[in-house]
Amino acid sequence: MTIQKSIDKQIHYPDEMILDHIWRSLQSEPTISAIDVKDISVGVDNGQVCLSGHVSQDCDIQQIDEITRSIPGVIAVHNHLVTDYDLNSQVTQALGENECTRLFRLPISCHQGWVEVGGFVPTREIQCAAEATAASVPTVRGVIQLPNIVGEENSLAQDAVQPRIGVRMFGKNETQGLVYQVVINPQNRLVTHAIVRVNHNAITWQEVHDYVVPVEVMDVVDLGGIFLNSIAPAIHQFADFTAADYPFAPLTWQPPHPYAVGSVRWPRLERLKA
């Protein structure tokens with residue numbers, strides 16, 4: 001350990017300062033600056049850094065780790081980044097171990113944690129089994145493509161939409177809401193709805209209301225906010241949020257990146273079967 005690094009470890013740096021330094025350092029590195037910030041997360045707690053999310057290759061993990069460790073004030077780095085190669089191997093192994101899917105050739109393609117399952121299967125039941133098996137891998141971000149069913153039209157890929165917790169949603173007439181939870185279908189780990197909190201009183205928070213907004217009406221979804229498409233109704237016309245209809249995901253279930261336990265709900269079982 002260098003003298004400077006030893007001195008740095010003795011100085012208390014605010015977590016916010018460390019986090020800002022990490023992001024600036026990552027974005028200034030030409031070989032990894034192209035990594036989308038939506039694909040990785042960095043958390044800092046008393047100098048302890050947690051890296052999570054998805055990258056394309058092992059060298060990205062190593063470089064991100066090295067840059068993070070070089071930042072003044074970083075005490076330790078807990079690196080949970082996952083490469084597409086490793087994720088491909090995990091999903092392929094899971095499908096090979098499932099009695100419903102192991103007899104079929106189902107090529108896997110992964111990109112930044114999103115999984116596509118190719119090939120052909122004879123029935124809808126086996127197609128669903130392939131989807132659920134791929135989604136059972138905890139590090140899968142979402143299953144966006146399913147194998148085709150023999151004799152039927154090719155299945156279409158689903159959009160990979162992930163509203164971030166805390167971002168603003170803009171509806172018609174400049175109505176604003178705040179995303180504070182999401183609903184995820186455990187069958188494929190994809191977000192189906194955002195739970196949006198709207199303050200109907202600009203002066204106080206006494207008229208707060210929660211709505212369930214489906215991802216299909218979201219036109220732009222990024223870190224800067226969410227904008228509903230032109231055919232979407234006003235936010236207050238969406239269904240009211242009822243906690244009984246959307247129970248919290250089990251504590252034993254690992255949410256997909258970038259979500260955490262407590263911010264994810266599931267549809268009720270009967271809603272999934274509908």
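As a basis for the values below, the full set of heavy atoms in this structure was taken, side chains included, without hydrogen atoms, waters or symmetry mates.
No side-chain heavy atom of Ile40 sits less than 4.5 Å from a side-chain heavy atom of Ser52. Within the 4.5 Å cutoff, side-chain heavy atoms of Val213 are placed close to those of Leu228. Using a 4.5 Å heavy-atom threshold, the side chains of Trp266 and Val183 count as separate. Residues Ile195 and Tyr211 have side chains not in contact (no heavy-atom distance under 4.5 Å, counting atoms from C-beta outward). Side-chain contact between Thr92 and Leu95 is absent, with no heavy atoms from C-beta onward closer than 4.5 Å. The closest side-chain heavy-atom distance from Leu178 to Val196 is not below 4.5 Å. Between Ile22 and Val49, some side-chain heavy-atom pair lies under the 4.5 Å cut-off. Within the 4.5 Å cutoff, side-chain heavy atoms of Leu19 are placed close to those of Val42.
With Arg164 contributing its side chain and Lys38 its backbone, the two residues share a donor-acceptor pair below 3.5 Å. A donor-acceptor pair is defined here as one N or O able to donate and one able to accept, closer than 3.5 Å; such a pair exists between the side chain of Asp15 and the backbone of Gly47. No donor-acceptor pair closer than 3.5 Å links the side chain of Gln181 to the backbone N or O of Val264. Checking side-chain atoms of Arg189 against main-chain N and O of Val140 turns up a donor-acceptor pair under 3.5 Å. The backbone N or O of Gly225 lies less than 3.5 Å from a partner atom in the side chain of Asp222, making a donor-acceptor pair. With Ser136 contributing its side chain and Thr133 its backbone, the two residues share a donor-acceptor pair below 3.5 Å. Side-chain atoms of Ser263 never come within 3.5 Å of backbone atoms of Tyr259 as a donor-acceptor pair (strictly under, hydrogens ignored).
The hydrophobic clustering, which links ILVMFWY residues whose side-chain heavy atoms are closer than 4.5 Å, places Tyr13 and Leu26 together. The hydrophobic clustering, which links ILVMFWY residues whose side-chain heavy atoms are closer than 4.5 Å, places Phe248 and Ile184 apart. Side-chain heavy atoms closer than 4.5 Å link hydrophobic residues (I, L, V, M, F, W, Y) into clusters, and following such links, possibly through other members, connects Val74 to Met17. Linking ILVMFWY side-chain heavy atoms closer than 4.5 Å, directly or via other members, places Trp253 and Leu87 in two distinct hydrophobic clusters. Hydrophobic clustering (side-chain heavy atoms under 4.5 Å, transitive across Ile, Leu, Val, Met, Phe, Trp, Tyr) groups Trp23 together with Ile61.
With rounding to the nearest 0.5 Å, the separation of CD1 in Ile64 from CZ in Arg69 is 12.5 Å. With rounding to the nearest 0.5 angstrom, the CD1 atom of Ile18 is 11.0 Å from the OG1 atom of Thr68. A distance of 10.5 Å separates CG in Asn79 from CD in Gln62, rounded to the nearest 0.5 Å. Considering NE2 of His80 and OG1 of Thr139, their distance stands at 12.5 Å, rounded to 0.5 Å. The CG atom of Asp60 lies 13.5 Å from the NE2 atom of His54; values are rounded to the nearest 0.5 Å.
Across Val143 and Ala134, no two heavy atoms sit closer than the pair CG2-CB, 3.8 Å.
Not counting sequence neighbours, the partners of Gln48 by the side-chain contact (heavy atoms from CB on, under 4.5 Å) test are Ile75, Ala76, His78.
A side-chain donor from one of Thr83 and Asp86 sits under 3.5 Å from a side-chain acceptor of the other. Using modelled atom types and a 3.5 Å distance limit, the side chains of Asn185 and Thr192 yield no donor-acceptor pair.
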(request) Would you sort out whether Arg265 and His193 count as a side chain to side chain contact (heavy atoms under 4.5 Å, CB included), showing the intermediate values? (result) CA-CA 10 Å; Arg265 292 178 178 268; His193 300 79; over 6 Å; no
(request) List the steps, then state whether side chain to side chain contact (heavy atoms under 4.5 Å, CB included) holds for Gln158 with Leu190. (result) CA-CA 9 Å; Gln158 299 191 58; Leu190 296 177; 3.8 Å; yes
(message) Applying side chain to side chain contact (heavy atoms under 4.5 Å, CB included) to Met169 and Gln176, what does each step give before you reach the verdict?
(response) CA-CA 6 Å; Met169 176 176 288; Gln176 296 185 23; over 6 Å; no
(request) Quick one: do Ile144 and Asp159 satisfy side chain to side chain contact (heavy atoms under 4.5 Å, CB included)? Show the steps, please. (result) CA-CA 7 Å; Ile144 61 175; Asp159 293 331; over 6 Å; no
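A cation-pi arrangement, defined by a distance under 6.0 Å to the six-membered ring centre and an angle within 45 degrees of its axis, is present between Arg197 and Tyr180.
More than 12 heavy atoms of other residues, nucleotides or ligands sit less than 6.0 Å from atom CG of Leu223. Heavy-atom neighbours of Glu99 CD from other residues, nucleotides or ligands within 6.0 Å: at or below the threshold of 12.
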Let me check something: any side-chain donor-acceptor pairs from residues 102-129 under 3.5 Å, sequence neighbours excluded? List them with distances.
| unit_1 | atom_1 | unit_2 | atom_2 | d |
| --- | --- | --- | --- | --- |
| Thr123 | OG1 | Ile126 | N | 3.2 |
| Arg124 | NH1 | Gln127 | OE1 | 2.2 |
| Gln127 | NE2 | Pro147 | O | 2.7 |

